[in-house]
Amino acid sequence: MINQITIHDFAAPELDVYARLTENQLVNRADPAHAMFVAESPLVIDRALDAGCRPISFLMEPRHLEGRGRAVVERCPQVPVYTAELEVLTQLTGFHLTRGMLCAMYRPPLPGLEAVCAGARRVAVLENVMNPTNIGAIFRSAAALNIDGVLLTSAGSDPLYRRAVRVSMGTVFQVPWTYLPEHWPEVLHGMGFKTAAMALREDSLHIADPRLQAQPKLAIVMGTEGDGLASGSIAGCDYTVRIPMSHGVDSLNVAAASAVAFYQLAALV
């Protein structure tokens, strides 16, 4: 039985998690056991549930209980399902992007680096990638193009930020990910990975160089928007790799570059 609760007032405290808590408040670093995130759309929520994420509540228009949303909430019979008319919900910034359905969930525990890399042949390393839209797009490409895990530095954006989850189409729940220690090149080398820094340098290898595909374990390393990889990170990698450019274009956006790199270095292996 669906536990439906009707909300009439945008100021209702039940809506705080959706309307008034910031991303940093949701992360709740002081109490990680109660850290949360918000998933949007039936597809994304389904993928989060499939990955074992625990729902706290749902929020949607009543009409969605007669559509695809019903099958989703029926998976969680004891979880409150808050419903409100559109004039209430449109006060939520970006509600029209949610496909009419939101779900607050507890953040799952992060796996360790060894668990993510166990059996992996291709992993992506994201050094200080800051834009949640880029993070989400990179995860979607990683899921589609045979990347076994995504490893992030702590200064980058959180894959469970709402926009990142939405842009990823829920693939942040399908591709294992975790954070890297400070001296990550040495750590990955110790785990048997060769590291390939994506950077436009004169001495870099063409991305189609057969030596790259021949590596049994390869970490594809990508840097922050604008500045790219730190020089020290490039120096610590085994290869520097370029995607050839034409028409005077100097580089691709990191999300676009990731799709090219994953296709060439992982999907074709």
Side-chain angles (χ1 to χ4, degrees), residues 1-111 132-133 135-136 139 152 157-179:
M1 182 175 178
I2 295 174
N3 182 15
Q4 182 179 358
I5 302 166
T6 302
I7 301 292
H8 300 285
D9 185 357
F10 185 69
E14 294 89 345
L15 298 190
D16 284 350
V17 65
Y18 302 104
R20 285 172 284 277
L21 295 185
T22 66
E23 296 281 12
N24 283 335
Q25 287 172 319
L26 290 173
V27 171
N28 195 5
R29 292 181 176 84
D31 187 9
H34 293 94
M36 298 177 285
F37 68 94
V38 175
E40 307 177 353
S41 84
L43 171 65
V44 171
I45 296 167
D46 254 338
R47 286 179 171 172
L49 292 172
D50 289 344
C53 297
R54 292 188 296 132
I56 300 166
S57 67
F58 294 92
L59 177 64
M60 66 187 73
E61 292 178 71
R63 66 186 180 90
H64 287 293
L65 283 177
E66 305 307 318
R68 185 177 178 188
R70 187 173 192 87
V72 177
V73 299
E74 283 180 341
R75 297 181 61 178
C76 315
Q78 304 304 315
V79 176
V81 180
Y82 300 119
T83 60
E85 296 301 329
L86 188 59
E87 57 265 27
V88 174
L89 294 178
T90 50
Q91 297 177 67
L92 281 167
T93 301
F95 181 75
H96 285 297
L97 299 175
T98 69
R99 300 186 185 271
M101 186 175 186
L102 298 167
C103 182
M105 295 181 158
Y106 288 113
R107 296 174 71 95
L110 275 181
T133 298
I135 291 285
F139 266 89
L152 306 100
S157 186
D158 186 342
L160 293 187
Y161 278 175
R162 190 183 298 193
R163 181 175 294 181
V165 174
R166 179 174 69 237
V167 173
S168 82
M169 297 295 290
T171 55
V172 292
F173 307 114
Q174 297 178 313
V175 180
W177 62 274
T178 195
Y179 289 103

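Please read all numbers here as calculations on a predicted model, not as lab measurements.
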Name all residues meeting the side chain to side chain contact (heavy atoms under 4.5 Å, CB included) criterion together with A12; count only those two or more places apart in sequence or in a different chain, and write none if there are none. I7, E14
Would you name the heavy atoms of P159 and A164 that are closest together and state the gap between them? O-CB, 3.5 Å
For the CG atom of D46 and the CZ atom of F173, what is their distance to the nearest 0.5 Å? 11.5 Å
Check whether any side-chain heavy atom of V17 lies under 4.5 Å from a side-chain heavy atom of L26, and answer yes or no. yes
Quick one: OG1 on T171 to CG on L43, what's the gap to the nearest 0.5 Å? 9.5 Å
Should we count CD of Q78 as having more than 12 external heavy atoms under 6.0 Å? no
Go through the structure and list residues passing side chain to side chain donor-acceptor pair (under 3.5 Å) with R107, not counting sequence neighbours. D158
Can you tell me how far the CG atom of L15 sits from the OH atom of Y82, to the nearest 0.5 Å? 8.5 Å
My understanding is that only residues two or more places apart in sequence, or in another chain, count here; which of them pass side chain to side chain contact (heavy atoms under 4.5 Å, CB included) with P176? V116
Once you round to the nearest 0.5 Å, how far does OG1 of T178 lie from CG of L110? 4.5 Å
T83 pairs by side chain to side chain donor-acceptor pair (under 3.5 Å) with which of H64, R63, Q4, E61? Q4
Please report the closest heavy-atom contact between M60 and L65, naming both atoms and the distance. SD-CD2, 3.7 Å
Of all heavy-atom pairs linking F139 and S168, the shortest is CB-CB, 4.1 Å
Please report the C-alpha distance between R29 and N24 in whole Å, then the side-chain angles of each, then the deciding distance to 0.1 Å, and finally whether the side-chain contact (heavy atoms from CB on, under 4.5 Å) criterion is met. CA-CA 8 Å; R29 292 181 176 84; N24 283 335; 3.7 Å; yes
Would you mind reporting whether R70 and I2 have side-chain heavy atoms less than 4.5 Å apart? yes
Distance from L86 atom CG to Q91 atom CD, nearest 0.5 Å? 10.5 Å
Decide yes or no for H34 and Y106: does some side-chain heavy atom of the first lie under 4.5 Å from some side-chain heavy atom of the second? yes
Tell me whether R20 forms a cation-pi arrangement with F10, defined as NZ or CZ under 6.0 Å from the six-membered ring centre and within 45 degrees of its axis. yes
Show your working on side-chain contact (heavy atoms from CB on, under 4.5 Å) between Y161 and I135 and close with a plain yes or no. CA-CA 9 Å; Y161 278 175; I135 291 285; over 6 Å; no
Has R68 got more than 12 heavy atoms of other residues, nucleotides or ligands less than 6.0 Å from its CZ? yes
Output, in order, the C-alpha distance, side-chain angles, deciding distance and verdict of side-chain contact (heavy atoms from CB on, under 4.5 Å) for V165 and R47. CA-CA 11 Å; V165 174; R47 286 179 171 172; over 6 Å; no
Of the non-hydrogen atoms in M105 and L49, which two are nearest, and what is the gap between them? CE-CD2, 3.5 Å
Looking only at heavy atoms, the pair that brings R166 and E40 closest together is NH1-OE1, 2.8 Å
To check you understand the geometry: which heavy-atom pair defines the closest contact between I45 and C103, and what is its length? CD1-CB, 3.6 Å
Step-by-step side-chain contact (heavy atoms from CB on, under 4.5 Å) determination, L160 to V172: CA-CA 7 Å; L160 293 187; V172 292; 4.1 Å; yes
